[in-house]
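Worksheet: one structure, shown below.
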Amino acid sequence: MEQCGASRGRGRIACTAGGVDTSLRGTRIILQPSADRHLEVLSPSTNRTCEAFVISKEVVDGAHSRYPIGAWRVLPAKLLGLSPKNGAKMLIRPTLERDEENRMQSEDITGSRKILQAVGSLWFAAVLLVLLLVAMGGATVFESMRGRDDALRLFYKSSWFELLLVLFGVNVLAALTVRYPYTKRRIGFAVTHISILVVLLGALVTELFAVRGQIVLADGETTDSFRGGGEMLTIKNLTTGKGSAVNVDWTDFDGMAAIDNPPAPPLTLGDLTITVERYLMDSEAVERMVNTNISTRHAVAVALSHGEREDSTWVFANQTARLGPLTVELIVAADETQLADLVEGPSADAPTTVGMITVEVADGTYELEVEACMENHVPIGDTGCSVKVLKYLPHATVTEANELVGVSNEPINPAVEVELIGPAGREIRRAFAKFPEFAGAQGRNKDDDVNVTLSSELQKQPTAPIAVIVGPKGDLYVQFSSAGASGELQAVGSGQPVMTPWAGRVFTILHSYNHARVDLVIDPVTPPREIATPAALVRLRTSKSTGTMWVQKYRRRAVMVDGASCEVTYGDEVVPLGFSLTLRQFRIGNYPGETRPRSFEGHVTITDPAVGREDSRVIGMNNPAKYGGYSLFQSSYRPGGMDSVQTLSILSVSRDPGIPVVFAGYIGTIVGMLIVLGTRFTEQRRHADRAIAQAHG
């Protein structure tokens with residue numbers, strides 16, 4: 001190898017050895033363009049070297065794995081795939097090929113490739129894995145302290161955690177790209193990394209398409225839907241029964257403060273449009289009295305103090321309220337005559353009628369005495385309509401069954417129930433003297449141009465121990481009744497303490513409103529509690545009016561919209577099952593001799609209208625039922641108590657198309673790791689065999 005020359009041409013380099021060492025004469029070693037390493041060959045006789053390139057890259061990798069760079073070793077020529085005479089040996093040193101490295105830096109390794117190599121590097125993957133492990137550890141601790149929902153919102157469903165997962169996926173994809181094409185030695189590497197991408201893909205499918213929820217049933221109950229993980233805003237017209245609903249997605253917010261103008265579609269029902277202006281993750285409802293009622297309605301805030309103790313309350317006109325150990329009532333006098341009647345008793349010329357019915361038909365208004373309409377139908381002018389009083393109650397209330405019933409004979413809340421007969425047929429209406437606007441929510445499903453109101457002329461005498469009287473000019477009076485005797489009427493002002501007949505007790509009128517109403521004020525709670533109560537501020541718009549109101553989750557709010565009684569609800573999303581589920585029996589098994597539950601299971605019947613059959617199943621703690629694409633799990637139960645006499649079964653409902661994808665990724669990852677281990681074991685065995693062959697010469 002006294003002379004060594006190199007010739008270049010068409011993708012490969014040839015090095016021909018010749019000279020003193022005749023055993024290597026005529027040997028040619030060729031490099032394919034894909035090789036990235038070379039061997040330096042040393043002639044033992046002349047101590048000269050030349051760069052010899054080999055056909056098989058595996059030969060170079062194998063030599064390099066056994067002998068570090070810079071270390072000279074004697075190897076059989078046949079190890080390099082050569083065919084020298086007499087089995088001659090030569091000295092080789094594995095090293096990087098300098099010319100090829102320079103060419104790749106100038107041609108192949110561009111700026112984008114360097115970035116790709118950095119993104120797909122092992123150190124970047126290690127940094128991302130450490131961050132993910134720290135985040136999941138923190139989420140576990142936080143969940144134990146604050147609950148699952150807060151952990152999901154602040155960690156697993158947060159934008160920064162999702163960014164970490166995206167970066168990890170990009171790292172894996174970049175690592176696959178920079179190492180393409182793959183040799184046999186890297187098949188395991190490719191399978192493992194592709195499987196990791198499949199796992200991340202399955203997690204994405206779960207995030208986008210998975211459905212989860214709950215079903216709460218008592219024995220004998222049936223449902224065809226479940227409460228989903230989303231949320232829903234609904235509006236229902238209580239008069240017509242029509243309603244509308246939209247799904248809202250506010251559960252992914254990362255912040256703790258209020259959210260202005262959250263992304264939520266508008267809710268419409270006829271002419272009514274509802275939009276969300278503000279969202280609170282946790283809220284507390286506080287009722288406050290405000291003086292902003294459109295109609296006139298009197299109310300006073302009063303206090304009764306005894307030593308260091310003070311009791312206070314609000315009381316509306318013609319109503320009573322508890323004030324410490326006593327009762328207080330508020331009476332409103334419309335004029336001086338009524339004020340005198342309250343003090344001295346009714347005069348001889350006081351009206352004898354219990355009230356007047358006012359009927360508005362088309363463009364006319366007609367007044368009729370209540371007593372005159374109790375026996376027969378009375379014509380309403382020349383309108384062709386007639387009215388009859390079916391029921392008059394001086395102190396009326398409406399039951400849960402929507403029936404008008406009397407509470408007492410005291411004229412506290414006068415009301416009538418009348419029958420209207422007109423061209424449209426027969427119709428029942430109700431009217432309250434103190435709440436004329438309530439008539440808008442009663443009936444009105446036929447003759448919308450007919451309105452019935454009641455004005456009561458009965459005067460109420462003070463009956464409570466403490467009576468506050470509002471005069472015709474807004475002046476205030478108080479009267480105390482003790483031991484069955486009424487005291488004198490005393491003029492008082494707001495904030496003026498008044499001594500009472502009861503020793504040591506002082507009475508004070510704190511505030512007096514003439515347009516009073518109870519306003520539900522929602523205050524934000526920061527940070528959100530473990531059991532939070534979200535709330536939304538909604539704006540209601542029609543062509544005639546606009547207004548705002550707060551709606552807390554799971555709490556219905558009634559509202560009058562252009563004379564129609566409506567109900568706004570903010571709650572969980574309702575998802576149809578596609579079949580009905582009936583809980584036949586729920587059973588709890590206890591440990592022998594103990595009251596601790598060992599197991600619980602529900603016997604259910606699934607009725608599918610699509611196939612017209614019933615299927616009985618037993619759903620236990622470790623025995624889920626699958627039907628219609630859903631998996632039903634017996635997750636928990638709620639013992640009977642104040643809210644429910646029966647024990648309630650709680651079923652978890654889920655449908656996750658990402659689970660098969662994730663499982664396939666897990667299996668692929670295991671297979672890829674086994675291939676990597678098998679490949680390395682095979683290489684070690686092959687290198688050991690070569691070493692043994694070299695030792696035996």
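The figures here come from the full heavy-atom set of this structure, side chains too, leaving out hydrogens, waters and symmetry mates. As the structure is a prediction and not an experimental result, all values here were calculated from the model. The first residue in the sequence is number 1, and the count goes up from there.
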[X] side-chain N/O to [Y] backbone N/O, donor-acceptor pair under 3.5 Å:
X: T268; Y: T273; value: no
X: R557; Y: W550; value: yes
X: E277; Y: L537; value: no
X: T542; Y: D271; value: no

Salt bridge or not for K236 and E567, using N-O below 4.0 Å?
no
Is the closest basic N to carboxylate O distance between K553 and D282 below 4.0 Å?
no
Cut-off 3.5 Å, no hydrogens considered: what does the side-chain donor-acceptor table look like for residues 492-504, sequence neighbours left out?
unit_1: Q496; atom_1: OE1; unit_2: G493; atom_2: N; d: 3.1
unit_1: T500; atom_1: OG1; unit_2: W502; atom_2: N; d: 3.3
unit_1: T500; atom_1: OG1; unit_2: W502; atom_2: O; d: 3.2
unit_1: T500; atom_1: OG1; unit_2: R505; atom_2: O; d: 2.8

If you look at every heavy atom in [X] and [Y], which pair is closest and at what distance?
X: A535; Y: S283; value: CB-OG, 3.3 Å
X: L217; Y: L583; value: O-CD2, 3.6 Å
X: P325; Y: L304; value: CD-CD2, 4.5 Å
X: A245; Y: T234; value: CB-CG2, 3.3 Å
X: L393; Y: V405; value: CD1-C, 3.4 Å
X: V328; Y: V315; value: O-CG2, 4.0 Å

Parallel, tilted or perpendicular: rings of F507 and F480 (30°, 60°):
perpendicular
From the list D572, T569, T533, side chain to side chain donor-acceptor pair (under 3.5 Å) partner of Y554 resolves to D572
Identified side chain to side chain donor-acceptor pair (under 3.5 Å) counterpart of Y570 within the set E231, R555, R556
E231
Nearest 0.5 Å, what's the SG-CD1 distance between C385 and I380?
5.5 Å
As an exercise, state the distance from CD of E329 to CG of L323, rounded to the nearest 0.5 Å.
12.5 Å
Heavy-atom distance under 4.5 Å between the side chains of [X] and [Y], does that happen here?
X: P534; Y: Y279; answer: yes
X: T327; Y: R322; answer: yes
X: M549; Y: V538; answer: yes
X: L272; Y: L540; answer: yes
X: E221; Y: D219; answer: no
X: V418; Y: I357; answer: yes
X: R430; Y: L404; answer: yes
X: Q319; Y: L330; answer: no

Step-by-step side chain to side chain contact (heavy atoms under 4.5 Å, CB included) determination, V468 to I509
CA-CA 9 Å; V468 178; I509 298 178; 3.8 Å; yes
Sequence neighbours excluded, which residues qualify as ring-ring contact (aromatic ring centres under 6.0 Å, His included) partners of Y477?
none
State whether F316 and R297 meet the cation-pi test: NZ (Lys) or CZ (Arg) under 6.0 Å from the six-membered ring centroid, and within 45° of the perpendicular axis.
yes
Is there a side chain to side chain contact (heavy atoms under 4.5 Å, CB included) between L489 and I469? Walk through the geometry before answering.
CA-CA 9 Å; L489 204 65; I469 300 171; 3.4 Å; yes
Intermediate values then yes/no, side chain to side chain contact (heavy atoms under 4.5 Å, CB included), L510 and T508
CA-CA 6 Å; L510 303 176; T508 308; 4.0 Å; yes
Where do Q490 and Q479 land on the side chain to side chain contact (heavy atoms under 4.5 Å, CB included) test, with the steps shown first?
CA-CA 6 Å; Q490 305 178 48; Q479 185 180 52; over 6 Å; no
